[in-house]
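Let me begin by presenting the structure, written as structure tokens, before commenting on it.
Computed from a predicted model, the values in this text were never measured in an experiment.
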Amino acid sequence: MKLINHSQQEFFTMYIPIWPGNAKTNGATWDGKGTNFALFSENATAVELCLFDSKDQETRIPLTEVENFVWHGYVPGIAPGQRYGFRVHGPFAPNEGHRFNPHKLLIDPYAKALDGEIGYGEEIFGYRWEDPELDLGYSELDDAHLVPKAVVVDESFDWEDDQPLDIPQHETIIYEMHVRGFTKLHPDIPEELRGTYAGLGHPAAIAYLQSLGITAVE
């Protein structure tokens, strides 16, 4: 793995373990022991997970597992608060719609939190300002110091005794409704709850839907 110090542009090596992880959930998913990272890219040829410490030193970890165009990997020990981004390799062919450039740090499109603001400078452009081809040109300037970092977050929630119903798809009956209209007209829903989502959750509303065999509402 490469650890990059932007202030000195020196390259060091260090070992960070990475496991296959899974492609089921895009973005960063913390499970209490580590974090799974997953990013969709149909045309990428390589994807690097970039971790940043408190001094903005960058550690690049190749994501080598790919499933249905989702590049993924699990890094044990990575916890909420960790800042990260991606560098994606692939064809640079603007006329064909491809502008892959690993010199540019990419924000995770599935990020649940961001740290920092976008800075201004030539580095954040995909081309050099003096390039006669303008935006069809290619810039090798690194922009990591000007780009906000995605942040791993803790999404855990104590559901107590509640749990998903897990009704099989072949037994699922979806009922499309207008929440306001349904609850406004139901005589057994308290007047103060009519026209609201709280009214839809009232036992009278649920009992009526269950009497129809409904298992889900949309």
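Taken from CH2 in W129 to OH in Y127, the straight-line distance is 8.5 Å, to the nearest 0.5 Å. Put simply, CZ on F92 and CZ on R99 are 6.0 Å apart, with the number rounded to the nearest 0.5 Å. The distance from the CD1 atom of I16 to the CD1 atom of I61 is 4.0 Å, given to the nearest 0.5 Å.
In this structure, the side chain of E96 does not engage the main chain of P91 through any donor-acceptor pair within 3.5 Å.
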Pair up each side-chain donor or acceptor in residues 203-215 with any protein partner under 3.5 Å, not counting sequence neighbours, and list the distances.
residue	atom	partner	partner atom	Å
S211	OG	Y208	O	2.5
T215	OG1	I173	N	2.8
T215	OG1	I173	O	3.3

Listing, residues 162-172 side-chain donor-acceptor contacts under 3.5 Å, not counting sequence neighbours, or none:
residue	atom	partner	partner atom	Å
T172	OG1	P168	O	2.9

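Just one of V75, V70, L49, V88 meets the side-chain contact (heavy atoms from CB on, under 4.5 Å) condition when paired with L63; it is L49. When the options T29, T35, D31 are evaluated for a side-chain hydrogen bond (donor to acceptor under 3.5 Å, both in side chains) with Y74, the one that passes is D31.
Using a 4.0 Å cut-off between a side-chain N of Lys or Arg and a carboxylate O of Asp or Glu, R60 and E58 qualify as a salt bridge.
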Please evaluate residues L39 and H72 with respect to the criterion side-chain contact (heavy atoms from CB on, under 4.5 Å), reporting the C-alpha separation (whole Å), side-chain torsions for both, the decisive distance (0.1 Å), and the verdict. CA-CA 6 Å; L39 179 72; H72 56 91; over 6 Å; no
Might you work through the side-chain contact (heavy atoms from CB on, under 4.5 Å) test for H186 and H202, ending with a clear yes or no? CA-CA 11 Å; H186 198 300; H202 188 272; over 6 Å; no
Check step by step if side-chain contact (heavy atoms from CB on, under 4.5 Å) holds for F100 and H89. CA-CA 6 Å; F100 290 90; H89 301 251; 6.0 Å; no
Show, in sequence, the C-alpha distance, side-chain angles and deciding distance for W71 and S41, and conclude whether the side-chain contact (heavy atoms from CB on, under 4.5 Å) test is met. CA-CA 7 Å; W71 301 71; S41 180; 4.2 Å; yes
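In the hydrophobic clustering of this structure, L114 does not group with V151; members are Ile, Leu, Val, Met, Phe, Trp, Tyr whose side-chain heavy atoms approach within less than 4.5 Å, directly or through other members. Y197 and L193 end up in different hydrophobic clusters when Ile, Leu, Val, Met, Phe, Trp and Tyr side chains are linked at under 4.5 Å. In this structure, L134 is not a member of the same hydrophobic cluster as L136, with clusters built from ILVMFWY side-chain heavy atoms closer than 4.5 Å. Linking ILVMFWY residues whenever their side-chain heavy atoms come closer than 4.5 Å, directly or via other members, places V47 and L51 in the same cluster.
Residues in residues 132-141 take part in these side-chain hydrogen bond (donor to acceptor under 3.5 Å, both in side chains) pairs, two or more places apart or across chains: N101-Y138, K104-S139. Among residues at least two apart or in separate chains, salt bridge (Lys or Arg N to Asp or Glu O under 4.0 Å) pairs with a member in residues 107-130 are R83-D115, K112-E155, E122-R128, R128-E130.
Every residue two or more places apart in sequence or in another chain that forms a side-chain contact (heavy atoms from CB on, under 4.5 Å) with E218 is listed here: I174, E176. Scored by the side-chain contact (heavy atoms from CB on, under 4.5 Å) test, V147 finds L105, I107, D143 as partners (sequence neighbours excluded).
In this structure, the side chains of N22 and E67 stay at 4.5 Å or more apart for every pair of heavy atoms.
Closest approach of R87 to C50, counting heavy atoms only: CG-SG, 3.5 Å. Scanning both residues, G34 and W30, for their nearest heavy atoms gives O-CD1, 3.1 Å.
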